[in-house]
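By convention in this document, chain letters (A, B, ...) are assigned in the order of the sequence lines, proteins followed by strands, and residues within each chain are numbered from 1.
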Amino acid sequence: MPELPEVESVLRCLRDAPISIIGRTVLKVNILRENVITGDQQQFVSALTGSVFKEIRRHGKYLFFRFTESCGTKSVWMMLHLRMTGKLFLVPENEAQLKHTRLSLLLDKGLALRFDDPRAFGRVQLVQSIAEITGRLGPDGLCLEQTELLQRLAKQKRQLKPLLLDQGFVAGIGNIYADEILFRAKLHPCSRADRLDSQELTLLCTAITEVLQQAVSLKGANIDGVFEAGMFPVAVYGRAKQPCPVCSALIQREKLAGRGTHFCPVCQICKI
DNA sequence: CACTCTACCTGTGCGC
DNA sequence: TGCGCACAGGTAGAGT
């Protein structure tokens with residue numbers, strides 16, 4: 001499941017592609033599965049056909065592509081969320097299409113931007129302004145101001161795991177990195193934020209930033225059969241009944257907030 | 001407000 | 001070998 005570090009890797013791949021996506025004209029829009037588009041499909045096709053890629057941004061797990069009309073200056077944004085299994089490819093247009101391609105943008109210079117998504121959870125939407133989406137989100141996980149984060153954390157009465165998963169609190173953390181962050185901070189997923197002492201709060205803030213930054217630098221997580229390129233080593237996620245890398249106690253898995261939650265019962269202390 | 005449940009999806013991996 | 005089924009999870013929206 002792509003989270004902030006994986007989405008950031010996608011963005012950097014596109015930005016660093018041999019033939020840049022910036023400046024490309026959209027020659028044809030091909031929607032291969034109707035519900036991949038939120039909103040009116042005809043409008044989506046007509047808005048993008050003939051328009052030019054100008055810019056790519058990311059906030060949390062959301063990607064935003066800015067286009068302008070070929071002769072004008074009016075901008076429109078394409079929002080893309082990969083959800084569980086979405087993947088984005090910039091490929092030569094003659095490359096064979098994958099089985100689960102949901103959306104394909106044919107570009108000039110013989111390129112195609114393809115969105116492939118077996119589970120079909122991913123969504124694409126046109127917005128006039130990215131604030132339509134980011135207005136509901138907290139600060140991006142890579143741009144956290146530690147003092148402000150500390151103050152916001154200390155006020156929260158919620159359990160740490162659901163809090164970290166709340167995109168309105170911090171944008172970009174998903175199930176994998178929530179577990180990894182709590183392990184690094186040595187905090188139990190059931191602990192309440194407002195019961196932490198100042199040292200623990202600081203530890204948590206540091207862990208959020210460190211885990212996300214390290215995962216970005218390693219191009220995402222390295223999990224069997226889930227991701228390809230990433231080298232970020234998971235300590236607890238998906239490792240139930242395996243020894244904790246710190247104390248060798250067996251990693252425990254429980255369902256919390258409806259999510260599989262992995263933690264070390266010895267290293268991670270609970271403050272309810 | 002805080003929390004839980006459900007729908008949306010389909011590939012995977014298990015038990016029988 | 002193959003069938004059926006539970007399971008995985010991000011988000012929105014409804015319900016408690």
Side-chain angles (χ1 to χ4, degrees), chain A residues 1-10 31-39 41 58-64 79-88 98-103 115-125 127 130 132-138 140-141 152-182 188-196 212 215 220-228 230 234 236-242 251-263 271-272:
Chain A
M1 357 39 262
E3 303 179 24
L4 186 155
E6 289 76 25
V7 179
E8 177 67 17
S9 293
V10 170
I31 299 170
L32 295 115
R33 185 176 172 125
E34 294 188 8
N35 64 359
V36 71
I37 308 292
T38 298
Q41 289 180 53
R58 181 193 57 74
H59 189 105
K61 304 171 202 171
Y62 293 80
L63 281 173
F64 299 95
M79 179 280 278
L80 173 71
H81 196 301
L82 301 169
R83 292 283 184 103
M84 310 294 303
T85 53
K87 284 184 175 153
L88 203 56
L98 293 169
K99 191 179 170 187
H100 301 291
T101 298
R102 309 303 188 191
L103 174 69
F115 175 52
D116 189 83
D117 186 14
R119 295 269 274 281
F121 265 31
R123 289 294 179 265
V124 181
Q125 185 183 349
V127 290
I130 59 173
E132 287 176 38
I133 306 292
T134 58
R136 294 183 267 113
L137 303 175
D140 180 75
R152 292 177 63 219
L153 260 176
K155 280 187 247 167
Q156 291 287 333
K157 296 173 182 172
R158 313 159 62 181
Q159 293 177 317
L160 296 178
K161 172 80 183 233
L163 179 60
L164 290 181
L165 290 176
D166 183 353
Q167 302 302 299
F169 186 72
V170 170
I173 301 170
N175 205 33
I176 297 168
Y177 292 106
D179 285 359
E180 295 302 313
I181 286 165
L182 291 174
H188 195 285
C190 292
S191 292
R192 274 175 55 159
D194 62 346
R195 301 291 164 86
L196 303 180
L212 293 178
N222 181 7
I223 294 170
D224 287 350
V226 180
F227 302 126
E228 286 146 25
V234 291
V236 289
Y237 180 83
R239 298 176 58 88
K241 296 176 187 171
Q242 294 181 46
I251 301 299
Q252 216 164 304
R253 182 182 193 279
E254 272 178 34
K255 212 160 180 116
L256 178 57
R259 306 294 153 77
T261 298
H262 314 73
F263 60 97
K271 286 210 167 181
I272 297 175

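- Annotation: side-chain contact (heavy atoms from CB on, under 4.5 Å) contacts of A:Glu254 (sequence neighbours excluded): A:Gln252, A:Phe263.
- Residues forming a side-chain contact (heavy atoms from CB on, under 4.5 Å) with A:Thr85 (at least two apart in sequence, or on another chain): A:Asp117, A:Pro118, A:Arg119.
- Counting any heavy atom pair closer than 4.0 Å across all strands shown, A:Asn35 reaches sugar-phosphate atoms only and no base atom.
- Read 5' to 3', the first and last nucleotides of DNA chain B with an atom closer than 4.0 Å to a heavy atom of chain A are B:dC3 to B:dG11.
- Between the CD1 atom of A:Ile133 and the P atom of C:dG10 there is a distance of 18 Å, given to the nearest Å.
- Using a 4.0 Å heavy-atom cutoff across all strands shown, A:Arg33 reaches sugar-phosphate atoms only and no base atom.
- Each end of the helix from B:dA2-C:dT16 to B:dC16-C:dG2 gets its own rotation axis from five pairs of C1' atoms, and the angle between them is 60° to the nearest 10 degrees.
- Following rounding to the nearest Å, A:Leu165 (CG) and C:dA8 (P) show an atom-to-atom distance of 14 Å.
- The separation between A:Ile173 atom CD1 and C:dT11 atom C1' is 16 Å, rounded to whole Å.
- Checked by atom type, the side-chain pair A:Tyr62/A:Gln125 shows no donor-acceptor distance below 3.5 Å.
- One atom, CD of A:Gln125, and another, P of C:dT11, lie 14 Å apart when rounded to the nearest Å.
- How far CD1 of A:Ile37 is from CZ of A:Arg102: 12.0 Å, rounded to the nearest 0.5 Å.
- Nucleotide C:dC7 holds its P atom 7 Å from the NZ atom of A:Lys255, rounded to whole Å.
- A search for side chain to side chain donor-acceptor pair (under 3.5 Å) contacts involving A:Lys61 returns nothing, not counting sequence neighbours.
- By the salt bridge (charged side-chain N to carboxylate O under 4.0 Å, His left out) test, A:Arg192 is found to be paired with A:Asp194, residues two or more places apart in sequence or in another chain being considered.
- Checked against side chain to side chain donor-acceptor pair (under 3.5 Å), A:Thr101 has the following partners two or more places apart in sequence or in another chain: A:Asp116.
- Side-chain atoms of A:Gln156 do not come within 3.5 Å of backbone N or O of A:Leu163 as any donor-acceptor pair.
- Rounded to a whole Å, the OH atom of A:Tyr237 is 7 Å from the C1' atom of C:dA8.
- Protein atom CG of A:Leu80 is 16 Å distant from nucleotide atom P of C:dG10, rounded to whole Å.
- Residue A:Gly260 is in sugar-phosphate contact alone, with no base atom involved, counting any heavy-atom pair closer than 4.0 Å across all strands shown.
- Atom pair A:Lys61:NZ and C:dG10:C1' shows a separation of 6 Å (rounding to whole Å applied).
- In this structure A:Arg58 satisfies the side chain to side chain donor-acceptor pair (under 3.5 Å) test together with A:Glu8, A:Asp140, sequence neighbours excluded.
- Residue A:Tyr177 places no side-chain N or O under 4.0 Å from the OP1 or OP2 atom of C:dG9.
- With sequence neighbours excluded, no residue satisfies side chain to side chain donor-acceptor pair (under 3.5 Å) with A:Glu180.
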Where do N or O atoms of nucleotides 12-16 of chain C meet protein N or O atoms at under 3.5 Å, pair by pair?
residue : atom : partner  : partner atom : Å
C:dA12  : OP1  : A:Arg136 : NH1          : 2.4

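- Evaluation of the side-chain contact (heavy atoms from CB on, under 4.5 Å) rule for A:Ala178 yields A:Lys161, A:Leu164, A:Leu165, A:Ile173 as partners, not counting sequence neighbours.
- The side-chain contact (heavy atoms from CB on, under 4.5 Å) test applied to A:Gln159 returns A:Pro162, A:Cys190, A:Leu256, not counting sequence neighbours.
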